[in-house]
Number of protein chains: 2
Amino acid sequence: MEDKNRYRRMLKKENLRNTSHRQSILEALEASEEPVSAETLYLTLREKGISISISTVYRALDVLVEKDIVAKTDFTDNNKSLFEIKREEHRHHLVCVKCRKIIPVKECPFYEYAGELEERFGFSITGHKLEMYGYCQKCGGSPGKTGD
Amino acid sequence: MEDKNRYRRMLKKENLRNTSHRQSILEALEASEEPVSAETLYLTLREKGISISISTVYRALDVLVEKDIVAKTDFTDNNKSLFEIKREEHRHHLVCVKCRKIIPVKECPFYEYAGELEERFGFSITGHKLEMYGYCQKCGGSPGKTGD
DNA sequence: CTCCTTAATGCGACTGATTCGCATTTGCAT
DNA sequence: ATGCAAATGCGAATCAGTCGCATTAAGGAG
Ligand SMILES: [Mn+2]
Ligand SMILES: [Mn+2]
Ligand SMILES: [Zn+2]
Ligand SMILES: [Zn+2]
């Protein structure tokens with residue numbers, strides 16, 4: 001219930017109306033540990049008994065991405081975009097090229113590197129995306145720690 | 001002319017036939033400093049007087065990506081994929097969100113970080129993509145060095 | 001060089017994710 | 001409560017990318 005108010009504030013700050021659909025979408029995104037497609041999100045909402053149109057899902061996601069509340073990523077292969085709510089600590093992903101599993105990674109080693117590039121290219125970096133591809137443990141990954 | 005032989009060898013190694021279209025495509029990709037869309041590539045080839053079909057461009061790119069000779073990237077915004085030949089040193093990109101300029105960056109600060117993640121998640125990393133977004137110098141970037 | 005097998009290509013039809021137009025509803029400021 | 005702009009629903013439209021199938025052209029064997 002307090003998330004509801006947080007979302008309201010976020011939307012307000014961006015001059016977006018606080019609609020029940022946007023609330024539901026933010027809630028569903030927050031609940032998902034992995035990035036989700038517009039269609040998956042749509043189906044999830046419908047299962048919860050929420051009557052919404054797929055166009056609305058796309059439009060809501062668009063505006064949330066534009067306002068930097070949601071991150072949109074196009075992983076290669078699968079032709080659909082995936083969406084993820086932006087959290088305290090932004091995330092990167094390990095994507096298994098075999099089973100398509102996506103593991104979120106919270107660390108970001110890029111800040112100092114970014115500063116260096118900004119100076120070199122006279123470029124002002126406002127964001128970045130990093131996706132790593134390979135094989136998960138089940139599909140033939142390295143035998144490293146099981147993630148303890 | 002010696003590139004032609006290099007391409008032939010690359011194709012042969014992957015059991016791909018050495019067709020004139022694939023040669024032209026590799027040549028055009030090599031000549032481009034920036035990633036290009038299938039359509040741009042298609043038009044470039046046509047301008048050179050090469051008669052080719054857009055399906056063939058897509059099919060050639062697909063197989064080259066599959067064989068790890070070409071890198072495919074989906075930059076956000078513009079809904080088309082961009083393609084780039086894989087060079088000695090793989091590249092990342094600075095993308096200006098205003099004018100869409102793409103600056104290639106050759107450094108990759110990523111290798112040791114990758115090793116760490118592999119061990120932690122039992123994941124075997126075979127590749128990665130890193131794209132950075134922001135404003136180029138012309139569009140309001142940092143006043144850093146002009147790239148000397 | 002000639003033949004043969006099969007990959008590669010052209011072309012048009014098709015797909016499927018995303019977008020759009022427009023009529024209707026809803027949020028929200030006054 | 002009222003009015004207006006923003007948001008939504010629904011179907012139509014877009015358009016990058018894919019596919020089927022008939023035709024061409026690599027390139028290996030002889
Ligand atoms: Mn990061
Ligand atoms: Mn790298
Ligand atoms: Zn896997
Ligand atoms: Zn720019």
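Per chain, numbering begins at 1; letters A, B, ... match sequence-line order. Just the heavy atoms: all of them, side chains too, but no hydrogens, waters or symmetry mates, feed the values below.
Look at CD on A:Gln23: it is 13 Å from C1' on C:dG27, rounded to the nearest Å. In this structure, CD1 of A:Ile52 is placed 17 Å from P of C:dT25, rounded to the nearest angstrom. To the nearest angstrom, P of D:dG27 lies 8 Å from CZ of B:Arg8. Summarising the geometry, the separation between CD on B:Glu39 and P on D:dG17 is reported as 9 Å, rounded to the nearest angstrom. Between the NZ atom of B:Lys80 and the P atom of C:dG16 there is a distance of 22 Å, given to the nearest Å. Here C:dC28 presents its P atom at 17 Å from NZ of A:Lys13, a figure rounded to the nearest Å. For A:Asn15 and C:dC28, the CG to P distance is 11 Å, given to the nearest whole Å. Put simply, NZ on B:Lys72 is 14 Å from P on D:dA16, counting in whole angstrom units.
With respect to A:Ser24, the side chain to side chain contact (heavy atoms under 4.5 Å, CB included) criterion is satisfied by exactly one of A:Leu29, A:Thr44, A:Ile50: A:Ile50.
Nearest-nucleotide mapping onto DNA chain C: of A:Phe83 and B:Ala60, the residue sitting toward the 5' end is B:Ala60. Between A:Leu16 and B:Arg17, the residue anchored closer to the 5' end of DNA chain D is A:Leu16, taking for each the nucleotide with the nearest heavy atom.
Close to D:dG17, at under 4.0 Å from its OP1 or OP2, lies a side-chain N or O of B:Ser81. At C:dA29, one or more side-chain N or O atoms of A:Lys12 fall inside 4.0 Å of OP1 or OP2 (strictly under the cut-off). For A:Thr56, a side-chain nitrogen or oxygen approaches OP1 or OP2 of D:dG9 to under 4.0 Å. The phosphate of C:dA8 (OP1 or OP2) has no side-chain N or O of B:His21 nearer than 4.0 angstrom. Distances shorter than 4.0 Å separate some side-chain N or O of A:Thr19 from OP1 or OP2 on D:dT8. Within the structure, every side-chain polar atom (N or O) of B:Arg59 is placed at least 4.0 Å from both OP1 and OP2 of C:dA8. The phosphate of C:dT19 has neither OP1 nor OP2 within less than 4.0 Å of any side-chain N or O from A:Tyr58.
A side-chain donor from one of B:Tyr7 and B:Glu30 sits under 3.5 Å from a side-chain acceptor of the other. With no hydrogens or angles considered, no side-chain donor-acceptor pair links B:His92 and B:Glu107 at under 3.5 Å. Using modelled atom types and a 3.5 Å distance limit, the side chains of B:His93 and B:Glu34 yield no donor-acceptor pair.
Using a 4.0 Å heavy-atom criterion, one finds that B:Ile54 contacts no nucleic acid atom at all. Among the heavy atoms of the strands, none lies under 4.0 Å from A:Ser37.
Between A:Glu66 and A:Lys72 there is no salt bridge, since no side-chain nitrogen of the basic residue lies less than 4.0 Å from a carboxylate oxygen of the acidic one.
Listed nucleotides D:dA16, C:dC11, C:dC28 differ in distance to B:Asn79; the shortest reach to its side chain belongs to D:dA16. For A:Asn18, the side-chain atoms get nearest to C:dC28 when compared with the rest of C:dC28, C:dC11, D:dT8.
In this structure, CE on B:Met132 lies 12.0 Å from CD1 on B:Ile102, to the nearest 0.5 angstrom.
B:Ser51 contributes no side-chain N or O that forms a donor-acceptor pair with the base of C:dG10 under 3.5 Å.
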